[in-house]
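Below is one structure, written out as structure tokens, with a few remarks after it.
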Amino acid sequence: MSSIRALALDLAARSDRQLRTLLATRPDLCHPAVPDFPALAARACTRISLQRALENLTRPQLDMLAAVVLSTNVDSGTAADAATLQPLLRPASGRATLKELDGYLAGLHALALLVRTPPAPSRRHRAYLPVTNLDEVLGPYPAGLGRPYQVLASSNPQTADRLTAATAALHRAGYPVEPMATGTDAAAELERWLADPRTWPALLSEAPEATGALLRQFRRSPVGAVPHAGRMPEPGSGATPVDWLLARGLLVPLDAAHVELPRSVGLAARQGAVAEPWLTAPPQPDAPREIRDSIRDNAAYSAVADTLRMVTGLLDQVRSSPVATLRAGGVGVREARRLAEALRTDPADAGWLLELAAAAGLIRLDVDTSRWVAAETDFGALPRHLQWQLLAAAWLALHRAPALLGEELPSGSSINPLAAEASRPDAPAVRRRLLECLGQLQQSWRQPAAARSGTSPAISAADAVAYLAWHQPRLQRRFERLVPGILAEAARLGLVGSGALTELGAALAGGGVEEAAAVLERDLPAPLAHFLLQADLTAVAPGYLEPEVARELALLSDAEGQGPAAIYRFSAGSLRRALDAGRDGTGILDFLTRHAATEVPQPLRYLVEDTAARHGTLRAGPAGSYLRSDDESALEQLLADPRTAPLGLRRLAPTVLVARAGGRELLQTLRGLGYSPAPEAHDGAEAGSAAHPDMVFSGPARTGAALPGTAAGREAGSAPAGTGAASFPVRTNPWAPTGEQLDQQLALLRGSAAAGSAAGVEDGPLLGLETLRTAIRQKRPVRIGIVEPGGDEHREVLLPLSVGGGRVRVYDPDRQTERVVPIHRVMDIELAEPAAPAGAQTTKERAADG
Amino acid sequence: MADGPLIVQSDKTILLEVDHAQADEARHAIAAFAELERAPEHMHSYRITPLGLWNARAAGLDAEQVLDTLLSYSRFPVPHALLVDIEETMSRYGRLRLEKDPQHGLVLRTSDYPVLEEVMHAKKIKPLLGPRIDAETTVVHSSQRGALKQLLLKLGWPAEDLAGYVDGTPHPIALTESPGTGEDAVPGRDGWRLRPYQKMAAENFWAGGSGVVVLPCGAGKTLVGAAAMATSSTTTLILVTNTVSARQWKDELLRRTSLTEDEIGEYSGALKEVRPVTIATYQVLTMRRGGLYPHLELLDGNDWGLIIYDEVHLLPAPIFRMTADLQARRRLGLTATLVREDGREGEVFSLIGPKRYDAPWKDIEAQGYIAPADCVEVRVDLPRDERVAYAMAEDADKYRLCAASETKSAVVEQLAARHRGEQLLVIGQYIDQLDELAARLDAPVIKGDTSVKERQRLFGEFRSGALQTLVVSKVANFSIDLPEASVAIQVSGSFGSRQEEAQRLGRLLRPKADGRAARFYTVVARDTLDQDYAAKRQRFLAEQGYAYTILDAKDISKA
């Protein structure tokens, strides 16, 4: 009977309760719902479902399963029962009882991994067969045993030759082995020879000394790397254990560098047992290091305070200067180093903080600029336990392994913070498992006496991995890779202190982030609203400051040092920063007096007053152009003229006005209004009549646009040194603009000036970028003026797709291709007519699809 | 953990809240392993360094005690990484020991075999070692005792020196303490007694063998030296910074011990006497002639039983090299601070010895033995033309222009008028400026070209009170023992190095009889280099615990 059908019958015969248990432990069986038992059985035998089921088996269960697979034969119907399995599964001491074995078998049967054979009168115990595919899912080396000689012989002709040669050599050396001609026969002969219970002890007694140790190395995997594996030493000359085994066909070469220990040899080396020892209980470390609870809590709470402080610092930093990403994704080394420097820590730490902040949604990737920017959150204002709760919850659910940052990739580069390479979808599950494991270990290892004396066991990464690997041996590698990092991260969040699980960690392991946060709320000191001011111009906050106070203090001074107490140093520079931000001397002193636990020291008071009194002696501000006249009334008249409003005129001094508009626009507008302003050159001299007055402004801009890279290619209006008509770089230009071109240029400039009325010189590029972004968002085509490398300029209608890093990616509907245009080649940008022709509509859609 | 006086930072500093009820206890506890870095009025900061931790180990403290101290006095959780680091660092001291073996002489012994292996494989250490005796012991060439200790410290495995000392030539020395006649010294009077902390320092030193005693300026380090000499009662070599200091030592020893004039020799540029107690200057010992140090044999040509190094933090590098060869003699270092501006703290530790006693400055101040001066910075506005001149001046001339501004003179006059009747010193760098000030104040000037005789006459008059105002140049204040004053006004120049500045202030300015603190004025031109320097001075002085005030020149009368 097919195994699936047998399983179907078996399942059909189970009680509802049993089925419910089965489906609860293997939920993939009913998701989506199955129509009938045969379907359920079929699904239970799929490789993927079996794999999932096996992942949740413990070490003894898996050993048991391997033993069943090894000792049964589905084709011939040879089933296994407790009695046949007893010699295969040998606990560390004594023998496994039949009852115990039956219990394990029943457990595996309940999981639908084994099928019960019909009861036979000759058996006292129930016999079982593995379900279909189980042997495949267990892999070629169940329980770390090699393949049988037969399989090896048929795997490749060289191995088969080796086996026949081995029988011949053994025969010559006087062992009771007949030389065989074919690989299959040789394999059978070797099996027969090794099956004799006297063979192995006799062999071992003549083996070189280190053979036992060598064989033990094959426990976990039967395949080993050996130089010159293909050599064929004579049985007599076996000097080294490897040679000795190779000469007798007990180790079989697979290729020039690898050997395999055949199954029967492996079994013989384990005294016939599949699992030796068969570990029915999780491993216990000999003497877990006991950590005083005070030390543990100290470590945990200092870590929590540290992490929260650093995250807050990171957010401030990101807010003031967003973090650039690499084109390949992730944050580059240089950027991480910059952050680390600002946070007074090392780049590895900065990487972890970035990951944590990103996980908690405190920073987000701005897709327009490809930079990480601070998200609008109220994180800074939250009480600290809630900040922690946010971070801890985010960390638990994080599908990444930040501990892998900095590891080298096969390509030679290393994993960068926030790069895709650190993504590990199984990380949340491993974290959960680890926390549970820590909780269980804490419970089981904690001696009653220790609990009374206020100590807890420290759990090392190796211990945790061993424990987890006993529970889920199939995930061992994953645990080995992730657990050390996760433990380190847990320590940063205070879940583990000095290696021991803390109250926070226990609460979180129990599944309650809120409970954990409540524990933290109880234990964290309340924030302070005061600090100490000292005559060396420092403020020391003896603890965690209220966020608002801290923010104000950070504005007034520069933070230094690293630790629970923040030290701020006042200087004229830092105070000027605060004054620039709109504070005034009295306000600053009020703030200091209000929040200082001590008097404001005289030198500090002096510094504040002195700096405030002298702040603003020089004042700077933006302007597009200026207008001056010795005739004050003329200026007054201009100011009063409502038609000059678009120019944004403002009076700075009786004889000086500034305009928001650029110089050219100012001139043109004023001329349009009937005034006759004379343009002034850079050094204040009146631009002579030799050149067209407009050239003062337009000349350099024109050449700059035409010849990117020349010194003149800066903003319009700032003529290079040595102005005057004769020295205009226009004259040196290899091609002279024709009058027509000039006219077009002027018309263009006029047109744009009229359109964007108050667009100053500085705003031009920004407006262009904004137009571009708008177009990208609205998927509208733009008309872009582009300068070719040769200096030619042309304009075309293109559909922009994205902008960033100094480039625009555009779709060219005419050529139906995508292109990348460097921003510095873009002269101007305007939205194409909103009423796009039908053709454009389709190209837009095509582009969107592409 | 709830409310201790300490805050332990992750950058290895400890903040101590001075006004906390437990502050004194905590201060004593941490002084054993951390160095005081800054002492402004409310929060003192200490730094934990490997040397400090090893000093603590040498004093018999173990990591457990240090961690306990931190944990029990700390207000907040102590950064765990720091605790681990402390434990690790402290466990490194004493794994290697220098011992005297009856058979093999000087040996390096370890209880931790791999450590010995590690250091024996260090390239620089190999030549210093003799044959290996067993897995845990190796012979050391006895001449290399100092060099080996230095190198081991650099490797991070400081050796504990248990090899003992030579006795030296005995020579009876006794302190002339006369108990019962008052608590402390009034110089020149008969009755005096060692202050308790001085006694403790000397005892700690003697018990430890060799090492450094840290006492603030004015706390009577000389007496600690005298007490150590009395305990040793052997011939003694005293190394001091300069001749002035040598004379002070001599006077003090004559006054406080049974030694007579004939027993004390001075070994300096002027005199070359070698007597049972010899006081030599660093300068003469480090003098080089033709690539040789002609006076070096003073150190090892005599069988000294004790060598005292005054002002260890100023010890010049050649002396270190020489000291490396003197490891079999007892060495006492005296200093106000273990922080050296050249960063050679490690050599002090390995060659002279670990810190044996450290009296927190605040304690001694609280006991009334020393008093810090009041510092006042007076800012003057430069007149318009001087500002323009300053703005246009070359960098090299800028300081002179602003520091020697004439506007300062008026301010000095005002200040002098305010303190009429008190002993007042005016200190400056530029001779023209000093001459002008002297004329205005009608006071004599002491500068480079003033004869020694004239100087001594003026100082004598100043001390006796016959002369109340004295103008001195920088040259003068370097070379001569300045008399004490209650008011000092500095118009230009810096007062020695940063470190010296505070020390000189402490020595120069004694509290007035009525207990008011002495005053130290600096007159500073606003918005100039002068002010930048003043900012640094302010930070340093404030960190040293001096009261600091800033005034505008026009507010002097109000202050």
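The chains referred to below are lettered A, B, ... by the order of the sequence lines, with proteins before strands, and numbering in each begins at 1.
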_Under 4.5 Å from any heavy atom of chain A, what part of B/D19 do you find: side chain, backbone, both or neither?_
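It is neither, since no heavy atom gets under 4.5 Å.
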Please find the pair of heavy atoms, one from [X] and one from [Y], that lie closest to each other, and give the distance.
X: B/P79; Y: A/S302; value: CA-OG, 3.5 Å
X: A/Y606; Y: B/L551; value: CE1-C, 4.1 Å
X: B/Q9; Y: A/P564; value: OE1-N, 3.0 Å

_Nearest 0.5 Å, please: how far is CZ in A/R292 from CG in B/L71?_
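Nearest 0.5 Å value for the CG-CZ distance: 7.0 Å.
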*Mind checking the CG-CD1 spacing from B/D68 to A/I295? Nearest 0.5 Å is all I need.*
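These two atoms lie 7.5 Å from each other.
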_Side-chain donor/acceptor of B/E17 to backbone N/O of A/P542, under 3.5 Å_ =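 It does not hold such a pair.
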*asked:* Keeping A/D536 on the side-chain end and B/R539 on the backbone end, is there a donor-acceptor pair under 3.5 Å?
replied: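 Looks like no, no N/O pair under 3.5 Å.
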Does any backbone or side-chain atom of [X] lie under 4.5 Å from a heavy atom of chain B? Answer side chain, backbone, both or neither.
X: A/R309; value: side chain
X: A/A565; value: both
X: A/A303; value: neither
X: A/R344; value: neither

Mind checking what makes salt bridge (charged side-chain N to carboxylate O under 4.0 Å, His left out) contact with [X], not counting sequence neighbours?
X: B/E377; answer: B/R379
X: B/R38; answer: A/E560, B/E543
X: B/D112; answer: B/R95

*CZ/A/R289: more than 12 non-hydrogen atoms of other groups inside 6.0 Å*: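 It does not: A/R289 CZ has 12 such atoms or fewer within range.
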*Are B/S10 and A/D306 close enough that some pair of their side-chain heavy atoms sits under 4.5 Å apart?*
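Yes - at least one pair of side-chain heavy atoms lies under 4.5 Å apart.
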*asked:* So which residue, B/L83, B/V8, B/D527, ends up with the most heavy-atom pairs under 4.5 Å with chain A?
replied: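 Result: the option with the highest number of such pairs is B/D527.
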_Part of residues 516-532 of chain A lying next to chain B, heavy-atom separation under 4.5 Å_ =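 Within residues 516-532 of chain A, near chain B: A/P525, A/L532.
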*Name the member of A/S571, A/G563, A/P601, A/A300 that forms the most heavy-atom pairs with chain B at distances under 4.5 Å.*
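Among the listed options, the one with the most contacts to chain B is A/G563.
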*Among A/I567, A/T538, A/V540, the one residue meeting side-chain contact (heavy atoms from CB on, under 4.5 Å) with B/M43*: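 It is A/V540, the one option of A/I567, A/T538, A/V540 that forms the side-chain contact (heavy atoms from CB on, under 4.5 Å) with B/M43.
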*Hey, mind stepping through B/T13 and A/Q562 against side chain to side chain contact (heavy atoms under 4.5 Å, CB included) and telling me if it holds?*
CA-CA 9 Å; B/T13 53; A/Q562 187 69 273; over 6 Å; no
*Might you work through the side chain to side chain contact (heavy atoms under 4.5 Å, CB included) test for A/R605 and B/I550, ending with a clear yes or no?*
CA-CA 9 Å; A/R605 181 177 290 277; B/I550 306 177; over 6 Å; no
*When you look at A/E599 and B/E41, which way does the side chain to side chain contact (heavy atoms under 4.5 Å, CB included) test go after all the steps?*
CA-CA 11 Å; A/E599 250 179 69; B/E41 59 268 53; over 6 Å; no
